[in-house]
Protein chains: 2
Amino acid sequence: MPPKLSRRQQDILEFIQAFMEEHQFPPTVRDIQAGCEISSTSVVDYNLHKLQQNNFLKRLPEVSRGIELIGEGLRGSKRDIISIPIMGNIAAGEPLHVPDAPTTADEGYDEVDLPASMTGGAQNVFALRVKGESMIDALVADGDLVLLEPTTEVSNGDMVAAWLNDEEETTLKRFYIEGDMVRLQPANSTMQPIRVPASNVSVRGRVVGVFRTL
Amino acid sequence: MPPKLSRRQQDILEFIQAFMEEHQFPPTVRDIQAGCEISSTSVVDYNLHKLQQNNFLKRLPEVSRGIELIGEGLRGSKRDIISIPIMGNIAAGEPLHVPDAPTTADEGYDEVDLPASMTGGAQNVFALRVKGESMIDALVADGDLVLLEPTTEVSNGDMVAAWLNDEEETTLKRFYIEGDMVRLQPANSTMQPIRVPASNVSVRGRVVGVFRTL
DNA sequence: GTTGACACAGCACATATGGTCTGATAACTT
DNA sequence: AAGTTATCAGACCATATGTGCTGTGTCAAC
C-alpha cells in the first residue's frame, strides 16, 4: 500500500474538493486538467486511477463527472456530514434505552445532521431528547439534545450517562472512580458531587455533545 | 410569485435531491427522464427551465450535470449546510463585539458548519465562544458555543445577549419588558430573575442555539 | 547497454449529454 | 368556437467528456 500521494495526486485531490465546494458537482477530467495545469487528459485519467486504487475516491466508468470522494478523500470536505438518530427521550426516573444493535442511522427515528468533527471522532453516536428539568445540574435544559457514544468503559473525568440502580434514575455527570465508590460530579460547579457504591452505577454511554436550539 | 409547482416539477425536484444524496453529483437530463418516467428529454429540459425560473435551482449551460440546487430547492437536502463564523469570545465584563458589517462567513475567523435548520431560519447568524463560568445561570458552560442572530428588536420571552451599562457585563437571559423596567430571567429556573431599568440594557442579539462538545 | 516500470504527452474515438426544432394535446381565455 | 398558453412527444444535432492507443523521457535494476 503506497500511503504516500505524489504531488500531482495531492493537487488533483485538493482541486476536486475545492471544486465540489464551489459547485455542487465534481469536475470533469478536463476541468482538472485546466485547474492543475496538466498537459494531457490521459495524465489526469492516469492519476485518478491511482487515487481510486488508494481508496480516496470512486469512479463510475463512462459517466461524466463520475467521481465520488470516499474515505480519506472526504477529509476536510463539507460532505463530511453524518446523520445521527434521535432514539428517544432521557429523563430522570425513566430507564435509559441504549441501542444494542449496530447503531445504523436507520428509518423509524428522527435524525440530526452534524459535521462528523463535532462528535469528536466517536462511533455509533446517537442522540436523546431531554425531558424535564432534572438534568439541570449538568447544564442541560428541557428540550436539549444530548449526543451519546454507547460504551461502558469510561475514563475518570468523562461526562457519562449513568443509571443509578437504587434511585432508579438516569443522570448526566462527570465520572470519577474513588476506590469502591464512584463520585459523580455535576457540570455545574456550584453544586455538590454525590458519592455512591460502584455497584449502584451502570454507565450507559459517554456524552460527546449537548445541543440546544431556541 | 412561485405560482406552485406542477406535479411533474415536484417529482423532478425530489428526484434530483434523492439522486444527489445517493451519489455526490447531480443527475443528467436522461437520468431524470428515466427516474421520473418521462418520455422525452425535451420535457425534462422544459421543466428544468421552469424550476430555474422559480429559483429552485441554477443550471450551467452546456455543462453536463450542470444543476445546482439553490434556495427552496435545498430544503431537506443534506447540502443545506451553512458556515458560521466564530467571531470571538463572550464573557462577563467584556464588551460584546457584534458584527456591524454584513456577516459574511469570511476568512479570518474559525467556522462551524451546521445544518441551516438548526438556526431556526435566522439570518446572519454568528457564534461566540463562552469564556468562564459566568453564564452558568443560562445553562451555558465554559467552552460552549453560543449562536447569535444580530438584532436589537426582540420579543418578550426571547433569549437574548444583553449588555448591562452599569454593571459593564454581558449576560444571556430571557427578556421581558415590564413597564419602564426589564426583567431578565435566567434559564435555570432555580435562580432568581433580576430587574433593571430599560435604559440600562442594550440588547445585542437573540440567542438561537447553544452547542457543547466534550 | 538493455530492460522495464513509471509518470507523462498528444491525439483520436466513441458516447454521454445538453440543447433545439417541429408538432401534437391539453388547458384556459375571451 | 376560436385563439392563446402551458405541457408534452419524438427526432436530431452539437459538443462535452470519458477512454484507449501510441510514444517519450526518466530512473533504477540487472
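In the text below, chain A, chain B and the rest are named by the order of the sequence lines, each starting its count at 1.
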Quick one: closest heavy-atom pair of [X] and [Y], and the distance?
X: A:Gln52; Y: A:Arg59; value: NE2-N, 3.2 Å
X: B:Phe15; Y: B:Cys36; value: CB-SG, 3.7 Å
X: A:Met118; Y: B:Thr213; value: O-CG2, 3.4 Å

Point to revise | 5' priority, DNA chain C, between B:Val29 and A:Ser42 [closest heavy atom] | key: A:Ser42

Among [options], which is the nearest nucleotide to the side chain of [X]?
X: B:Arg59; options: C:dA9, C:dG18, D:dG10; result: C:dG18
X: B:Glu62; options: C:dA7, D:dC8, C:dG19; result: C:dG19
X: A:Ile38; options: C:dA9, D:dA9, D:dT17; result: C:dA9
X: B:Arg30; options: D:dT19, C:dG19, D:dA9; result: C:dG19

Between atom [atom1] in [X] and atom [atom2] in [N], what is the gap in whole Å?
X: B:Asp11; N: D:dC8; atom1: CG; atom2: C1'; value: 15 Å
X: B:His49; N: D:dA6; atom1: NE2; atom2: P; value: 11 Å
X: B:Ile12; N: C:dG18; atom1: CD1; atom2: C1'; value: 15 Å
X: A:Asp45; N: C:dA9; atom1: CG; atom2: P; value: 14 Å
X: B:Leu60; N: C:dT17; atom1: CG; atom2: P; value: 16 Å
X: A:Leu5; N: C:dA7; atom1: CG; atom2: P; value: 11 Å
X: A:Gln33; N: D:dT19; atom1: CD; atom2: P; value: 15 Å
X: A:Gln10; N: C:dA7; atom1: CD; atom2: C1'; value: 16 Å

Taking only side-chain N and O atoms of [X], does any of them lie within less than 4.0 angstrom of OP1 or OP2 on [N]?
X: B:Tyr46; N: D:dC8; answer: no
X: A:Ser64; N: C:dT17; answer: yes
X: B:Asn47; N: D:dA6; answer: no
X: A:Lys50; N: C:dC6; answer: no
X: A:Ser39; N: C:dA9; answer: yes
X: A:Arg8; N: C:dC8; answer: yes

Review point. Can you find a heavy atom in the side chain of A:Phe56 that is under 4.5 Å from one in the side chain of A:Leu69?
Key: no

Point to revise | N/O donor-acceptor pair, side chain B:Thr41 with base C:dG19, under 3.5 angstrom | key: yes

Check your understanding: On the ring face of A:Tyr176, is A:Arg183 found with NZ or CZ under 6.0 Å from the centre and within 45° of the axis?
Key -> yes

**Study point:** Nearest-nucleotide comparison on DNA chain D, the residue closer to the 5′ end among B:Ser6 and A:Val63
**Key:** B:Ser6

Exercise for review: State plainly whether the residues A:Arg65 and A:Asp31 are in salt-bridge range, i.e. N to O under 4.0 Å.
Suggested key: yes

